[in-house]
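Each chain gets a letter, A, B and so on, in the order its sequence line appears, and its residues count up from 1. The model shown is predicted, which means the values in this text are computed figures rather than measured ones.
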4 protein chains.
Amino acid sequence: MVYTVAIAGASGYAGGEVLRLLAAHPEFEVRTVTANKNAGQRLIDVQPHLRSYASLVLQKTDVETLKGHDVVFLALPHGHSGALAAELGDASLVIDCGADHRLTSASAWETFYKSEYHGSWPYGLPELVLADGGKQRSNLEGVSRIAVPGCNVTAVSLGLAPGLRAGVIQPVDLVAVLAVGPSGAGKTLRTDLLASEMLGSAHAYGVGGVHRHVPEIVQNLSGASGETVTVSFTPVLVPMARGIIATSTARLEPGVSPADVRSAWELAYSDEPFVHLLPEGQFPRVADTLGANTALIGIAVDEAAERVVTVTALDNLVKGTAGAAIQSANIALGIPEQTGLAVNGVAP
Amino acid sequence: MVYTVAIAGASGYAGGEVLRLLAAHPEFEVRTVTANKNAGQRLIDVQPHLRSYASLVLQKTDVETLKGHDVVFLALPHGHSGALAAELGDASLVIDCGADHRLTSASAWETFYKSEYHGSWPYGLPELVLADGGKQRSNLEGVSRIAVPGCNVTAVSLGLAPGLRAGVIQPVDLVAVLAVGPSGAGKTLRTDLLASEMLGSAHAYGVGGVHRHVPEIVQNLSGASGETVTVSFTPVLVPMARGIIATSTARLEPGVSPADVRSAWELAYSDEPFVHLLPEGQFPRVADTLGANTALIGIAVDEAAERVVTVTALDNLVKGTAGAAIQSANIALGIPEQTGLAVNGVAP
Amino acid sequence: MVYTVAIAGASGYAGGEVLRLLAAHPEFEVRTVTANKNAGQRLIDVQPHLRSYASLVLQKTDVETLKGHDVVFLALPHGHSGALAAELGDASLVIDCGADHRLTSASAWETFYKSEYHGSWPYGLPELVLADGGKQRSNLEGVSRIAVPGCNVTAVSLGLAPGLRAGVIQPVDLVAVLAVGPSGAGKTLRTDLLASEMLGSAHAYGVGGVHRHVPEIVQNLSGASGETVTVSFTPVLVPMARGIIATSTARLEPGVSPADVRSAWELAYSDEPFVHLLPEGQFPRVADTLGANTALIGIAVDEAAERVVTVTALDNLVKGTAGAAIQSANIALGIPEQTGLAVNGVAP
Amino acid sequence: MVYTVAIAGASGYAGGEVLRLLAAHPEFEVRTVTANKNAGQRLIDVQPHLRSYASLVLQKTDVETLKGHDVVFLALPHGHSGALAAELGDASLVIDCGADHRLTSASAWETFYKSEYHGSWPYGLPELVLADGGKQRSNLEGVSRIAVPGCNVTAVSLGLAPGLRAGVIQPVDLVAVLAVGPSGAGKTLRTDLLASEMLGSAHAYGVGGVHRHVPEIVQNLSGASGETVTVSFTPVLVPMARGIIATSTARLEPGVSPADVRSAWELAYSDEPFVHLLPEGQFPRVADTLGANTALIGIAVDEAAERVVTVTALDNLVKGTAGAAIQSANIALGIPEQTGLAVNGVAP
């Protein structure tokens, strides 16, 4: 079967990446692309890397244009998806790459996003382990709405959740520091995102618990742990266009052996097609995941510091956004989960 | 007065940076440069950026060549400085940019360096606060031997020491994750240091407490705290030639206010010429420190996570190595400490 | 039909990229991978981005291991493919990613490669226009040996050949200057290829007509022109892992209009799936081609300078090497030419 | 003597670099900094790398603020310096880092800048050789107005002028292709200057003779040659914050030997403190010049192509802008020319 697809926000990085990936997906057919500022232009003039879509013209982002497709990917600024989705109806599978429906807590939403809360949708991180012993995957089957996780959130959640569920690490004093590329911030004209500012440099932002990804990380890790976690989260922008490498550390539970630790992650990921635990002593490179829907994880136990250190690498635009969107769509529609998604990174 | 200078290991990155900085130092005169592999070549053919040294030729690194200079900078691989220094005598100020004499614990040396211990030298981090209320600066006046700190160590130590001395953060569960450029690894032919491997990528190394900078960080922070600290330390190589940005976090002591926290760092650094605390809400960029002997620090209190987060940026080859060497030499010789050292970074 | 495949030199960049691309090719099945230095290791431990090949182990590169496969890709240092190919027999399609069989002139080979000449194989640049009005594609159908072009050569040849064949530019005073990423030099431990040396820097090499790609460019462009061309060629290494952007310029023939110029390139490439002429006023970005088998070309006429300027971007490891190899293999075997090859670049 | 200094446009890259360099200049004292958008802010909050200027506050850019200083550096967008300079009077040395007074031809100005022409000022490229056998240096002594050259222009002019003056290369079919960093475009919010767009990529701009630096290059090279030259000029943006590497090629005059070629450049630059000809077979790296007022040139003769190839590297913000401004100011004021200017690059 072939599903018709529309992408809203096709002129941005997330929308562009959905399109790039869909070109290799045999069961999705892109019919419609929209973008407000660039409506009327050829897609290929705005996204000149999307050579296979030479015939598409960007249309205005509105309900009339989007409705009637089997699948609608929304890659819009925060605050736009709720109203659109309401009018699209349940016949369409709507996948929101933005933040609007990620948080289950209205107060967390209001604190961090300073705007009206619109409720949560099924959360598109299939590999996330849950305190009840299951995984998030099962909550995505047959749904008509999916909220794609934040890219940094995916890296930290995949890195720490198995240890929390297994009880080998403590739910407090979690610390995550990420080196991230600027494409996660979108095609945004900000001085600190200029090449002149970023080449040869690096800088932290959202320091001290104020980043909007914090409540989402807390939500995921608390869901894995069964207890409310506390986490210190700091992203550092570094000069690579894409990619995230998250160093996430946690206090070792007393009496837990390094083998117990490794078992917790093996149990979580040994059968996963897109999340791979590396052998003892190996740690991932960002390049190994570029362009692929793969997250790679290395773990170590620091016995002197009594902490577990996990290092997770992924491509923020693929496993962190567009790949997660398509993977979740596959699950929702009953298509084999790996369809259309590469696992091999574009390295070097 | 003009001091005569020899630099051993002048063909490497650290030795080259000592030379670059000394070109602006009015009281040091470089007479001799040595390098084993490149002995006999013109310095400028090996280090073509050092235009002002067109007349120097690299000599063999041995005692005969180095002795008789007022100041000798050693920028050699680990294990070479002890024997050399013994033969140079106390008339020369010997400054070791390598690790040989940094650690005061023989057992820590043997555990991490797997080689014979040769004792420690006065430690060249003048701004390091000490549990007794002083600073390391006073231990450098008039000495004839100086051990220059490791570059990552400087970033983490400057970031956390003030809070430990002031008792506003706890000495356990310290976590430091650094984004670092490859020049800290030297001009070493290793596959993972190739441009093809690093451009567009990032990778952690020395994960899980095995990096040689760990005991040195513990030494410094324990010296500031008065208690033995535990620290989880992870460096992540990112694609910038130089620079370190260290995100160092610690548990807030119960009952401590954000104002107390800020006061601790202000007290430590308000009079320092080369270590600057940024205003509330500001965090440093690596580029602000490039080529300069400056460390910039931003701090935040994450009240939800009950942790203090400090972000420290510096140039690993300047404040992290060659600048620290010259600053410490200035102190040892009674030259005004800022002589020959720039504070303004080469940005953008 | 499924063809069995062996890759020799699978631990390098070119061999790795052949593997990455073949993972998406439905008619090729990789059976064997070889590498001398890493023989005995798992492929995935040497090339950790190639997640889909977890079961493959690197074997020794020799005839016994390679023979018996329908297709053998050789990604070896220069000088190794001739003898191997001789023993593989004509039943195998042998595709050499190296230089050994690119040049048709023995004297050019001996001058530039300083070694014995082993003859030439059909040249794997299907889109290359020929003076007789055809294209190189037709010379690849049904062959059992293919020499994959040099990556820089492909960029310059695609950029200038149409104008030479059409007679709108002159065959003398051709000038090509390229910005290229270091992966074209392979996984080679050379100081000038270290990340510390390349990040934030750029340098030319092979200046003054001594680069080995010069005779190959002359061969291709002379073949398009019908006359022997002269070309000044300078590659400049810049800090991007992959990619080539070639600025190739030529004297305008007197009396030729800008429309005539554009027509020459349109005629050559309007039906090509992998070589796209951009609209007037547009010029390609390297990122538009990354990971894809696409070459993008922009052209302009500089009337004051009386020269035509063409700008060609491509990924040196795909259209410049591994993609060209697979595209040529498809043609040789009668598989549809685009099989297994992406056209959309991994941007941003 | 100490000269008082004002810098207009101190919030931008060029103005910031003037400030960085002046911190090491013993005879200039910065009194005033201006910037329109950021007026009222502390300089250090806008340019956090300029640590030594902690006490300066940005003022509005107007005549009242700027007048009364011995030296005024203008680092403003095009079109602003003429009117300001007219009101500052001849008692101030006014140095324009912008383009307004570079071109001696009104028609060239109007064609390329599409605005009213305001005349030319003495041109701040001291090392430029002139057809009459002199150098531009002599035209700067004692002047009260200086037009700082365009950064790309300096690289191409220094690369080709000696050969034109000496008559060893032909004045037609000159071709220059440059790899340049984005800081030359200023702190400008343009999508193509975003880090996400530039990291891992490269793109040409101003292709086909339309770049504003073309008439300025023609002016300089015609001045060296004595004949009007034709030049094809293409800049390619590459991912390094600063730096230019210009590959400039020219037809060899018949009968000229490689030794004659080398002599032409040696004659021009053997005594220059800031422009260095590299030995035979050496070519410059951008990093060798970063932060320094140095231009490095390598040359080769391509006998097969009958062309001379010159490769020039420099830092666009130093020798390309702020360093040239200070060097020229030194000459104008009779200060030793090298005062306050480093020659050693910040490498690696």
(message) Taking the side chain as everything from C-beta on, heavy atoms only, tell me whether B:His49 gets closer than 4.5 Å to D:Thr289.
(response) no

(message) Just so I understand: if I count every heavy-atom pair under 4.5 Å between each of B:Ser52, B:Gly291, B:Ala24, B:Gly181 and chain D, which residue has the most?
(response) B:Ser52

(request) Mind listing the closest non-hydrogen atom pair of B:Val343 and D:Arg51 along with its distance? (result) O-CG, 3.2 Å

(request) Please report the shortest heavy-atom distance between D:Pro279 and B:Arg42, naming the atom on each side. (result) CG-NH2, 4.0 Å

(request) Report yes if the side chains of B:Pro348 and D:Leu317 come closer than 4.5 Å at any heavy-atom pair, otherwise no. (result) yes

(request) Check the pair D:Asp288 / B:Gln47 against side chain to side chain contact (heavy atoms under 4.5 Å, CB included), numbers first and verdict last. (result) CA-CA 8 Å; D:Asp288 295 332; B:Gln47 303 270 36; over 6 Å; no

(message) Heavy-atom pairs under 4.5 Å with chain B: which of D:Glu17, D:Arg20, D:Gln282 has the most?
(response) D:Arg20

(request) Determine the option with the most heavy-atom pairs under 4.5 angstrom with chain D, choosing from B:Pro48, B:Ala241, B:Gly16, B:Ala342. (result) B:Pro48

(request) Would you mind checking which part of D:Ile44 comes under 4.5 Å of any heavy atom in chain B, side chain (CB onward), backbone (N, CA, C, O), both or neither? (result) neither

(request) Identify the two heavy atoms, one from B:Leu50 and one from D:Asn344, that lie closest to each other, and give their separation to 0.1 Å. (result) C-OD1, 3.2 Å

